[in-house]
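One is the number of the first residue; the rest follow in order along the sequence.
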Amino acid sequence: MKYPRTIENLIECFKKLPGVGEKTAERYALSAMNIDPEIIKLFSKSLEDVKTKITRCKLCNNLAEDDLCEICKLQDRDKTTICVVESPKNVVIFEKIGSYNGIYHVLDGLISPLDGKNPEDVKINLLIDRIKQGNIKEMILALQPGIEGETTALYISKIFENKDIKITRIAHGIPLGIDMEYIDSLTLELALEDRTSM
Ligand SMILES: [Zn+2]
């Protein structure tokens, strides 16, 4: 037996989410019937907004709702220090620690030739343009430990090798193969403090 089409459609929608299989999608869809109508409205509006309102910051490629992201808009950030990260998720992680006062650059991925991800597939050109404009004194490479992170860090440091910019990377206290998301904030804060020159 199948559910009515509306429910089947909702199940199919939930299955599009990462980590959600048939059973979980079914549970979500059935429970949706018991959610307050106002919440449902907010739910569907938020889903739509994520597609229509979210864009990328023109400066740092972070997620934004305007030309600039919330961090680039702030006047009191140190605009001479730039922290290079893999994804917008990493920006949120660093912001949660609260001790970093510089700006960011979101690469949107790491170089991984084996997976067909070349330098031009990540936002390195945008980073080069930003550095060319001057003002940046230090670039902190805060990339995921592992082969892709290493390759990307090396590639970037080579580009800026002879430029008047200090390139550092966060300390290697970060365990290999662990997603930055799961590293506790103290470890990450120490890794940021103990950064070393490349
Ligand atoms: Zn920005």
Side-chain angles (χ1 to χ4, degrees), residues 55-64 66-113 117-198:
T55 169
R56 292 304 184 118
C57 172
K58 295 232 172 349
L59 277 179
C60 75
N61 195 41
N62 189 15
L63 297 176
D66 301 298
D67 274 0
L68 296 182
C69 72
E70 293 307 306
I71 295 161
C72 287
K73 274 186 202 165
L74 293 171
Q75 296 297 324
D76 61 347
R77 301 294 290 227
D78 168 13
K79 304 252 160 83
T80 65
T81 306
I82 193 168
C83 180
V84 180
V85 294
E86 177 184 346
S87 79
K89 218 164 64 176
N90 301 124
V91 174
V92 174
I93 295 169
F94 276 107
E95 285 303 293
K96 271 191 191 149
I97 301 174
S99 62
Y100 176 68
N101 192 43
I103 49 176
Y104 294 91
H105 184 85
V106 177
L107 290 176
D108 246 355
L110 296 173
I111 300 171
S112 176
K117 267 205 138 179
N118 297 310
E120 59 272 20
D121 298 318
V122 297
K123 296 281 185 298
I124 290 179
N125 282 342
L126 194 63
L127 177 65
I128 296 174
D129 290 345
R130 270 182 99 182
I131 305 291
K132 265 189 202 152
Q133 284 163 18
N135 301 331
I136 307 286
K137 292 196 178 83
E138 182 181 353
M139 176 159 59
I140 305 165
L141 300 175
L143 304 171
Q144 196 72 32
I147 293 176
E148 288 96 354
E150 279 307 303
T151 311
T152 312
L154 274 176
Y155 184 86
I156 293 175
S157 61
K158 274 259 172 304
I159 293 177
F160 298 105
E161 205 165 33
N162 298 315
K163 305 279 188 300
D164 192 20
I165 177 170
K166 185 177 165 196
I167 302 175
T168 56
R169 61 191 312 177
I170 55 173
H172 281 291
I174 296 181
L176 202 72
I178 288 193
D179 198 301
M180 260 190 207
E181 207 178 337
Y182 302 110
I183 296 167
D184 67 276
S185 57
L186 183 65
T187 307
L188 205 55
E189 187 172 359
L190 291 176
L192 189 62
E193 269 174 28
D194 294 344
R195 57 186 185 266
T196 48
S197 288
M198 278 199 78

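Looking at every heavy atom in both residues, A153 comes nearest to L143 through N-CD1, 3.8 Å. G109 and K117 get closest at one heavy-atom pair: CA-NZ, 3.7 Å. Between A64 and C69, the shortest heavy-atom contact is CB-CA, 3.7 Å.
Every salt bridge (charged side-chain N to carboxylate O under 4.0 Å, His left out) that D67 has, sequence neighbours left out, goes to K58. For N118, the side chain to side chain donor-acceptor pair (under 3.5 Å) test picks out no residue, with sequence neighbours left out. Partners of E70 according to the side chain to side chain donor-acceptor pair (under 3.5 Å) rule, which considers only residues two or more places apart in sequence or in another chain, are K73. Every residue meeting the side chain to side chain contact (heavy atoms under 4.5 Å, CB included) condition with T80, not counting sequence neighbours, appears here in chain and number order: D78, K137. L74 meets the side chain to side chain contact (heavy atoms under 4.5 Å, CB included) test with D76, R77; sequence neighbours excluded. In terms of the side chain to side chain contact (heavy atoms under 4.5 Å, CB included) criterion, residue partners of S87 (sequence neighbours excluded) are, by chain and number, K89, N90. For R56, the salt bridge (charged side-chain N to carboxylate O under 4.0 Å, His left out) partners are D108, not counting sequence neighbours. For K132, the side chain to side chain contact (heavy atoms under 4.5 Å, CB included) partners two or more places apart in sequence, or in a different chain, are I128, D129. Remark: Y100 pairs with Y104 by the ring pair (Phe, Tyr, Trp, His ring centres under 6.0 Å) rule, at least two apart or across chains.
Of the inter-residue distances, the one linking L68 atom CG with I71 atom CD1 reads 11.5 Å to the nearest 0.5 angstrom. Between the CG atom in L126 and the CG atom in N61 there is a gap of 6.0 Å [rounded to 0.5 Å]. Here CG of L141 is found 10.0 Å from CD of E150. Values are rounded to the nearest 0.5 Å. Residue I111 holds its CD1 atom at 10.5 Å from CD of E148, rounded to the nearest 0.5 Å. Note that the CG atom of L110 and the CD1 atom of I124 stand 9.0 Å from one another [nearest 0.5 Å]. Rounded to the nearest 0.5 angstrom, N135 CG and K79 NZ are separated by 10.0 Å.
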(Q) I93 vs V85, test: side chain to side chain contact (heavy atoms under 4.5 Å, CB included). Steps then yes/no. (A) CA-CA 10 Å; I93 295 169; V85 294; over 6 Å; no

Q: Go through the steps to decide whether E86 and L107 satisfy the test side chain to side chain contact (heavy atoms under 4.5 Å, CB included), and finish with yes or no.
A: CA-CA 5 Å; E86 177 184 346; L107 290 176; 5.7 Å; no

Q) How far apart are the C-alpha atoms of V91 and L63, what are their side-chain angles, what is the distance that settles it, and do they pass the side chain to side chain contact (heavy atoms under 4.5 Å, CB included) test? A) CA-CA 10 Å; V91 174; L63 297 176; over 6 Å; no

Q | Evaluation steps, side chain to side chain contact (heavy atoms under 4.5 Å, CB included), between T152 and V84 | A | CA-CA 10 Å; T152 312; V84 180; over 6 Å; no

Under 3.5 Å, sequence neighbours excluded: what are the donor-acceptor pairs made by side chains of residues 158-166?
none

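Judged purely by atom type and a 3.5 angstrom limit, H105 uses its side chain to pair as donor or acceptor with the backbone of K123.
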